[in-house]
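Take a look at the structure below.
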There are 2 protein chains.
Amino acid sequence: MRARRPTIVDVAREAGVSVATVSRLINGDEKVNADYTKRIRAAIDLLGYQPDERARQLRRGRTQTLGATVRSIAEPHPVLRAVDGEARALGLSMIVMSTGDDPEREREAVMAMCRRRVDGILIEPVAESLAYLQPEIDLGLVVVAFDRPAGDVALDTVLSDNRGGIRQAFDHLTALGHRRIAYIGDDERIYTGHERAEAVRGHLRDLGESVDGMVHAGPVHTETVAAALDVLHRLPVPPTALITGNAATTLEAVRCLGTAFGSTTLVGFDDFALVDLLPAAFTVIAQDEARISETILELFRDRLARPTAPVRTVVVPTALIVRGRQEALT
Amino acid sequence: MRARRPTIVDVAREAGVSVATVSRLINGDEKVNADYTKRIRAAIDLLGYQPDERARQLRRGRTQTLGATVRSIAEPHPVLRAVDGEARALGLSMIVMSTGDDPEREREAVMAMCRRRVDGILIEPVAESLAYLQPEIDLGLVVVAFDRPAGDVALDTVLSDNRGGIRQAFDHLTALGHRRIAYIGDDERIYTGHERAEAVRGHLRDLGESVDGMVHAGPVHTETVAAALDVLHRLPVPPTALITGNAATTLEAVRCLGTAFGSTTLVGFDDFALVDLLPAAFTVIAQDEARISETILELFRDRLARPTAPVRTVVVPTALIVRGRQEALT
DNA sequence: ATGAAAGCGCTAACAG
DNA sequence: CTGTTAGCGCTTTCAT
């Protein structure tokens, strides 16, 4: 026979006070008699009482909880780490769910959070449409999108300057004398994939270079990247430099290039740990994760304070981190 | 003026039925009149009703939620990924919190989960003592430890066969003719660090080799690993092979060895993505993450079913993944 | 400063 | 099959 979980009533009885007094003490009300305070504390310890968060939240309305959806809970997520810390400092709990880049799972996760009445949701949008969130937003849910814009619903949004990052890479490479600059990256149905590929096309045109066969955007796998590299290799005028559109592409490219890698001029979008362990160092376009997470929480707080203010989109600059030999093209 | 969130009462009124009927429908009770069903569905859509999970859980008792603590939410966690999927299949939500390897944060996270009345907690123990969990366990909380044993409280536990993994590495290396086998790894205050270092010492003794200066266990940083490598290098009879105690150590070792890396016989504990991108391939002792996560959930379910059964510890074998050139020592 | 009592939104007896 | 109603454990007026 297992003991019943002690409730606030048990504590009150044990301490010989009313539940209201216990509640006050638990919630840090200063004006509880010192003697009562001691007796209540003792009762709590004796009974091993832990307030039921569900009941408190139900009664209070607010949950003091921030939900977040990310692609995968099993992969590194610097933005989230920073947000996690700052949220704790604000007295918010966080609950994280993964979407696996599946719109259906994203929706399930988001609605599950709504049913738990989280105060806000940070979302890295996967689905085309987030319209189903509108009623929740009208009811006071605060939603901040990051990494990708929401599309069909007005949301505060934090984005990296994808086009600016590509510009930095082009500036860097053209300064070294490159003009034939190729690109391999993510599917253009994904916002970041589109922005980056499109930026590359623009710069190639500005340089008066042909775009034909130079920009490869699609799902990233070993085979697709290998195929793209092969196409580039066979071009009448092959590229002298390559930009990879995200970390996964960079890794696949390094893998495919193998020993040829060291002699390729590469700039990768996204910095990541271990880059320095690869056979040769290379330059990267780094996203400013710290600033991104700060901005996310700033938008969240502002929205909480002024629910009717117009939505904002903040674009955070990227930084070019130059690594490896910087040989001018001869 | 923001609209109030609709409750089950609003839905009932709108549909012209009782709240009980709405509740029944929501909870998948089959025997609700077809006409009512239609009207209730319409009311739910019209109002944008989302049941309040806090209230349901409070009323029902069980939360159908599984909590998990991990070292970092920002780092890859294969075990968790698998558990996440299986938990969903079981109809359980998961809530994950990170400990940052800090016993204090671990305790806070665990107690926060208890206050939310999660049905179970999967814990990768950090703190020396988990005694504070005993009252919760007595109250019916199911706790499963993984990766490290709990120490002072009886818990179902899933462990990798750390000593077995080291044995596999020694078998492999001695078959190649190595006898002077060194080790660099994690602090021995951490369970896995201790097990692995101690296993290495045992095997060296069995081989009749001196252990002096061959086993380096401590915090893993670039400097400490470099220092350890330096010591090994200066030994009267330097080692011919090196075992690294975890992924972090492996990476630091690779980093420190630099170009000398290719000519070192290395076996690393833990397999990880990107190993094949390093300048030279090497053999690893891989933990069986799939089997570990299955076992975790199995223990969880069994405990839920039979709360008083004796606790079990399951040790999951490791696998040696041989990579790179396998030159016998000459 | 403390207590009594009214709910928060929901589910589960219990009647009918 | 449906409705009525008593709580789940807590916070928060409203009195005192």
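Bear in mind that the values here come from a model prediction, so they are computed numbers and not experimental data. Only heavy atoms go into these numbers, but all of them, side chains included; no hydrogens, no water, no symmetry mates.
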Where the side chain of Arg115(A) meets the backbone of Asp52(B), is there a donor-acceptor pair that is under 3.5 Å apart? no
For the residue pair Val126(B) and Arg107(B), establish whether any side-chain heavy-atom pair is separated by less than 4.5 Å. no
Any heavy-atom pair between the side chains of Arg301(A) and Leu90(A) that's under 4.5 Å? yes
Any side-chain heavy-atom pair from Val158(A) and Arg291(A) closer than 4.5 angstrom? no
Are the side chain of Arg105(A) and the backbone N or O of Ser98(A) linked by a donor-acceptor pair below 3.5 Å? yes
Interatomic distance where CG belongs to Asp29(B) and C1' belongs to dA13(C) [whole Å]: 14 Å
note: Glu53(B), atom CD; dT11(C), atom C1'; distance rounded to Å ~ 12 Å
Quick one: Leu58(B) CG to dG9(C) C1', roughly how many Å, whole number? 9 Å
I want to check something: taking the side chain as every heavy atom from C-beta on, are Ile121(A) and Val142(A) in contact at a cut-off of under 4.5 Å? no
Under a 4.0 Å heavy-atom cutoff, the residues of residues 30-43 of chain B touching DNA chain D are Lys31(B), Val32(B), Asn33(B), Tyr36(B)
Within residues 6-18 of chain A, the residues having a heavy atom closer than 4.0 Å to DNA chain D are Thr7(A), Ile8(A)
From CZ of Arg62(A) over to P of dC8(C), roughly how many Å is that when rounded to an integer? 17 Å
Polar side chain donor-acceptor pair, Thr192(B) to Asn162(B), under 3.5 angstrom: no
Return yes if some donor-acceptor pair links the side-chain N/O of Arg13(B) with the main-chain N/O of Ile8(B) below 3.5 Å, else return no. no
Under 3.5 Å side-chain donor-acceptor pair for Ser160(B) and Gln287(B): yes
Of the residues in residues 19-27 of chain B, which ones touch DNA chain C at a heavy-atom distance under 4.0 Å? Ala20(B), Ser23(B), Arg24(B), Asn27(B)
Test item: side-chain donor near acceptor, Arg116(B) and Thr65(A), under 3.5 Å: yes
Closest non-hydrogen atom pair between Gln50(B) and Arg117(A), with its separation: O-NH2, 2.6 Å
Could you give the angle between the helix axes at the two ends of the helix from dA1(C)-dT16(D) to dG16(C)-dC1(D), with five pairs per end, rounded to 10 degrees? 40°
Are Arg312(B) and Asp302(B) packed together at the side-chain level, in the sense that at least one heavy-atom pair is separated by less than 4.5 angstrom? yes
Contact span of DNA chain D against chain B, any nucleotide atom under 4.0 Å from a heavy atom, 5' to 3', runs dC1(D) to dG9(D)
Are the side chains of Arg56(B) and Leu58(A) in contact, using a 4.5 Å heavy-atom criterion? no
Calculate the interatomic distance between Asp52(A) atom CG and dC8(C) atom C1'; express it in whole Å. 13 Å
Within-4.5 Å side-chain heavy-atom neighbours: Val144(A) and Leu155(A): no
Results of salt bridge (Lys or Arg N to Asp or Glu O under 4.0 Å) for Glu136(B) - residues two or more places apart only: Arg5(A)
